[in-house]
Amino acid sequence: MAMKSAAVFRYKTEKGPLHKLPIVLKLLLLLPLSVLCMSLPLFLLAAGIISIAVIAFLCGFSYREQLTDLKPALFYALLMYALSVFSLIVERFPSFSVSVFLPMAGFIHIALRLVLIIQLSALLFRSTSSIEIRGGIIAIECFFRRCISRLPVIGKHVSSAPRFAQNISLFLSFIPEIFETWSIINFAWRARAGKNGIIKTKTLVFVLISLSMEKAMRKTNAITARRGYDK
């Protein structure tokens, strides 16, 4: 159970205030809030990160779970930092100084934006099941299709049945599954006294891809069978 709870973006079954919020409202708020994060100054980004952390804690998500969700942001930030340092060393070689290892203001700004956006995404996935996400996306698509169908000329060519919601919901629900699969194989690696390093990454990445492709194939077969059954 502890291993599962440590998975990134894993849905938490304990009901909190965010669980009761309508899924359509959560989906409609996620995109504009994420876009807003891209234009916030540095001090507002820091204040937003602290505020979201407090709100998440009050909604039942522990700080440990929140830090777990930030692992992708940490990995990406370290990768960007390493690439920026490497490019500065190559650019200033052989006269580079220790200052090239200090993070630049632009890098800090981008890293904080990434942290805040991932925090918002984590709130969605932690408080919403894959079935709820699918239902919300279908409801949004059906609403827009009904609105477009009332327009002259093009309205009669628009079907009221949702066509894109299924693919979008599958993509969104697959994100936490990938992180959960990584948590499982990482746990198995550590249980066998495996150490962190390049060998671990090289070994587990191919296992992750293989298992993820297998899960995707199972879902594809299940959806195909279901569509055939519905017909």
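In what follows, every heavy atom counts, from backbone to side chain, and hydrogens, waters and symmetry copies are set aside.
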N/O donor-acceptor pair under 3.5 Å between [X] side chain and [Y] backbone:
X: H109; Y: L45; value: no
X: Q119; Y: I52; value: no
X: E141; Y: I138; value: no
X: S39; Y: L36; value: yes

List the atom of [X], the atom of [Y], and the distance in Å for their closest heavy-atom pair.
X: C59; Y: L18; answer: SG-CG, 3.8 Å
X: C37; Y: L120; answer: SG-CD1, 3.8 Å
X: S149; Y: R146; answer: OG-O, 2.7 Å
X: E65; Y: R126; answer: O-NH2, 3.6 Å

Flag for K12-S127: side-chain donor and acceptor within less than 3.5 Å: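 The criterion, which ignores hydrogens and geometry beyond distance, is not satisfied for K12 and S127.
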Enter the distance from [X]:[atom1] to [Y]:[atom2] here, rounded to the nearest 0.5 Å.
X: L124; Y: L27; atom1: CG; atom2: CG; value: 6.0 Å
X: L30; Y: L123; atom1: CG; atom2: CG; value: 9.5 Å
X: L44; Y: L116; atom1: CG; atom2: CG; value: 10.0 Å

Single-linkage hydrophobic cluster, 4.5 Å side-chain cutoff, [X] and [Y] together:
X: L74; Y: L67; value: no
X: F43; Y: L33; value: yes
X: F61; Y: L29; value: yes
X: I118; Y: Y11; value: no
X: F144; Y: L25; value: yes

Note, R190 side chain near N186 side chain (heavy atom, < 4.5 Å):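 Answer yes - side chains close enough.
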Side-chain heavy atoms of T128 within contact of H19, under 4.5 Å: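 No - every pair of side-chain heavy atoms lies 4.5 Å or more apart.
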The single option from I108, L114, I110 passing side chain to side chain contact (heavy atoms under 4.5 Å, CB included) against L112: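 Among the candidates, only I108 passes.
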Sole residue of L204, V207, I184 in side chain to side chain contact (heavy atoms under 4.5 Å, CB included) with W189: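 When L204, V207, I184 are each tested with W189, the side chain to side chain contact (heavy atoms under 4.5 Å, CB included) holds only for L204.
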Residue pair I137, I133: steps toward the side-chain contact (heavy atoms from CB on, under 4.5 Å) verdict: CA-CA 6 Å; I137 296 176; I133 291 176; 3.8 Å; yes
I131 CD1: over 12 foreign heavy atoms closer than 6.0 Å: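 No, the 6.0 Å shell around CD1 holds no more than 12 heavy atoms from other groups.
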Aromatic plane relationship, Y63 with F57 - under 30° parallel, 30 to 60° tilted, over 60° perpendicular: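 Aromatic pair F57/Y63 classed parallel.
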